Amino acid sequence: MGEGSAMLQRLKSRNFIPPADAGVSPLTVAGLSVAYHRRLVLRDVDWTAPAGGLVAVIGPNGAGKSTFLKAVLGLVPPLTGTVEVFGRPLSRQRALIGYVPQRESVDWDFPVSALDVVTMGRYGLIGWGRRITGAHRRAAMEALDRVGLADLAKRQIGQLSGGQQQRVFLARALAQEARIYFMDEPLAGVDAATEQTILAVLRDLDAEGRTVICVHHDLQTVAATFDHVLMLNGGVVAAGPVAGTLTDANLRLTYGQRAAGLSLLAP
Amino acid sequence: MPDSQTFLSIDLPALLAATLACLSCALVGNFLVLRRQSLMGDAITHAVLPGIVAGFLVAGTRDTFPMMAGALTAAIIAAILIELVRRLGRVEAGAAMGVIFTAMFALGVVMIEQGAARQVDLDADCVLYGQLEGILWFAPQGWASLADPAVWADMPRQVVQLAAVFALCLTLVLVFLKELTLVSFDPALADTLGLKSWMVQHGIAAMAALAAIAAFEAVGSILVIAMLICPAATARLLCDRVPAQLGLSLLVGAATGIGGYLLGAFGPHLLGYDQSVSAAGMIATLAGLILALAILFAPRYGVLARRKRLGTVDGVLV
């Protein structure tokens, strides 16, 4: 085991992960409300993430899906409410959290290579003012390889296709070796090959016992891809296993009449 | 060409000051350019003017410390006012900056005029265009005397100060390059990793203010803007990695500092004129010229290269 792994162990030991059979949820959100400029975007969200299975966060445009992710990650300050990761406050469990933002959130002309971006996922482990060691670069390279981009490691990120850019973001999250992953529309606008790669990685993460929570835009593919669903529209409309939660009634409550007739009843 | 004594006493200190000012501004400017916040350099250099004048009027001397303290106070007040306007007016950051820095600059100009009316030795030209030609080093007596440490101990205050600021900025950038790059690229990731992005962002603004204030005395508050942006923007067009961009921007900064000074001081003589032109003005002009060349001819991001690529099959580089 390399130096990076030892460092990881040390860092992880400062964060608390209870044994799998202790029944502590990876993520508990209680009474979470968020406002932008005095406009309430999310109202009193209570939600407990399931211990296993891929989770989709769905809802119409402006329902507060991205805001929900950002508030849970501590990127926007909530008005009220608490977020607990494995039963402890988020601020003490940062190393357990990975984030894949929307592709549009950064400047892709920025002068960094794909490998540079993936290595950024390990900066939290490396620490302020410390050098990036070979072990961290190797871990970043492995993450790139996992999304099929090892050959493009040295390429400037602006010269990658949209799908490849999305995979770089996923690889960066993998390099973090987090326990809970939050992803903002990881499958939006990607090519078929990228979609297959990302879906395979998501299932692997789930199989490894990690929690994956994705904002998802495509109602047609929710049932085929995800196990759980959190339906938002300014607050929680419904949450639970896809079968039994993704019903016509709940869709109508979430999306209004537009969803009526889509016939997305879970099998 | 001047004799060696004139060169050592007049040209060498000015050359050193100009080059060090260019190096500090070029280095720090990289992070303004990378964050697409070039306007912030503009805002800082304008907004500190009333602070500099106030520091001067209160202390009554041209000592650096009161002016520095005044400038830093003004920078902090400007940052608070910009944030207030942005929140209360709900306008974008650029608009808030535009309102605040022009208003504060205007206040500075009024204060200079009021000071001048009270027979205070402070003129607008010196603040706006700098006083490179006023930096004198009397100690050296011929080239051989440079071997004497006592001669170096008498180096003009401005040069020592600029060297210290450059050394500080260079050290900070080298130690925290990882954090500066991360926060410039993706501040949200930095926050989720627990590396507080606001600290780095304020650090960048503070370094820019420091470099700008140290350089203003040499090249003037207006021309500092050119040095904060031009070398970094030139390097940005020519490089694909952050460390390469930093290195090239320093090279461009030094070249414009030295080249601009020599052109301003000796160029007119070579053309048969009897006068020299403003060195600070020449430095900024040269910096702008180099940037223009880079915009046109940069191999990948230049106008010509992009136009050429539009003619190719898909416009994608391999």
Side-chain angles (χ1 to χ4, degrees), chain A residues 11 14-15 36-38 69-70 72-76 90-102 105-113 115-117 119-132 136 154-161 169 172-173 176 178 180-182 184, chain B residues 30-31 33-37 86-91 171-200 203 232-233 235-249 300-301 306 309 314-318:
Chain A
L11 195 98
R14 276 197 270 129
N15 294 273
Y36 285 130
H37 295 310
R38 297 187 188 188
L69 281 202
K70 285 177 183 161
V72 169
L73 288 160
L75 295 177
V76 298
L90 169 77
S91 55
R92 287 169 57 194
Q93 305 269 54
R94 284 253 175 243
L96 305 180
I97 301 291
Y99 176 40
V100 179
Q102 286 189 20
S105 67
V106 301
D107 171 13
W108 290 94
D109 286 334
F110 203 89
V112 282
S113 69
L115 183 61
D116 290 337
V117 173
T119 310
M120 286 177 188
R122 301 191 67 85
Y123 283 10
L125 304 174
I126 299 172
W128 281 88
R130 290 175 187 274
R131 302 264 141 221
I132 302 162
H136 289 297
K154 290 207 179 333
R155 192 171 286 195
Q156 194 271 329
I157 53 173
Q159 292 157 49
L160 301 169
S161 73
F169 264 3
R172 185 177 76 176
Q176 275 180 257
I180 308 179
Y181 285 102
F182 295 93
D184 204 344
Chain B
N30 279 294
F31 297 99
V33 169
L34 282 175
R35 297 173 64 212
R36 299 186 181 252
Q37 283 201 329
R86 202 175 65 80
R87 289 207 179 160
L88 296 179
R90 291 192 197 173
V91 292
T171 309
L172 285 173
V173 167
L174 287 178
V175 171
F176 295 111
L177 182 59
K178 187 166 106 285
E179 288 76 13
L180 288 164
T181 308
L182 169 64
V183 168
S184 299
F185 176 64
D186 192 347
L189 177 71
D191 286 330
T192 63
L193 292 176
L195 299 167
K196 297 185 170 50
S197 68
W198 66 267
M199 276 173 60
V200 180
R236 178 81 184 77
L237 286 163
L238 296 169
C239 299
D240 266 346
R241 302 290 291 277
V242 173
Q245 181 188 321
L246 295 179
L248 185 62
S249 73
R300 189 174 281 164
Y301 303 109
R306 268 184 297 173
R309 262 204 313 282
D314 51 1
V316 172
L317 281 172
V318 180

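No experiment lies behind these values; they were computed from the predicted model shown. Below, read A as the first sequence line, B as the second, and so on, with proteins coming before strands; counting in each chain starts at 1.
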Between [X] and [Y], is any pair of side-chain heavy atoms under 4.5 Å apart?
{"X": "B:Leu189", "Y": "A:Gln176", "answer": "yes"}
{"X": "A:Tyr99", "Y": "B:Asp186", "answer": "no"}
{"X": "B:Arg236", "Y": "A:Asp109", "answer": "yes"}

Say you draw a straight line from [atom1] of [X] to [atom2] of [Y]; how long is it, rounded to the nearest 0.5 Å?
{"X": "B:Leu182", "Y": "A:Tyr123", "atom1": "CG", "atom2": "OH", "result": "6.5 Å"}
{"X": "B:Lys196", "Y": "A:Trp128", "atom1": "NZ", "atom2": "CH2", "result": "8.5 Å"}
{"X": "B:Thr192", "Y": "A:Lys70", "atom1": "OG1", "atom2": "NZ", "result": "12.0 Å"}

So which atom in [X] and which in [Y] form the shortest heavy-atom distance, rounded to 0.1 Å?
{"X": "B:Leu34", "Y": "A:Pro111", "value": "CD2-CD, 3.4 Å"}
{"X": "A:Asp116", "Y": "B:Arg241", "value": "OD2-NE, 2.7 Å"}
{"X": "B:Phe185", "Y": "A:Ile157", "value": "CE1-CD1, 3.6 Å"}
{"X": "B:Lys178", "Y": "A:Ile132", "value": "CD-CG1, 3.6 Å"}
{"X": "B:Leu193", "Y": "A:Met120", "value": "CD1-O, 3.4 Å"}

Chain B contact via A:Leu90 - side chain, backbone, both or neither, heavy atoms under 4.5 Å: neither

Sequence neighbours excluded, which residues qualify as side-chain hydrogen bond (donor to acceptor under 3.5 Å, both in side chains) partners of B:Glu179? none

Tell me, please, which residues at least two apart from B:Ser249 pass side-chain hydrogen bond (donor to acceptor under 3.5 Å, both in side chains). B:Asn30

Bottom line for B:Ser197: the part with an atom under 4.5 Å from chain A's heavy atoms is neither

Heavy-atom pair count under 4.5 Å with chain B, highest-scoring of A:Ser91, A:Pro101, A:Ser113: A:Ser113

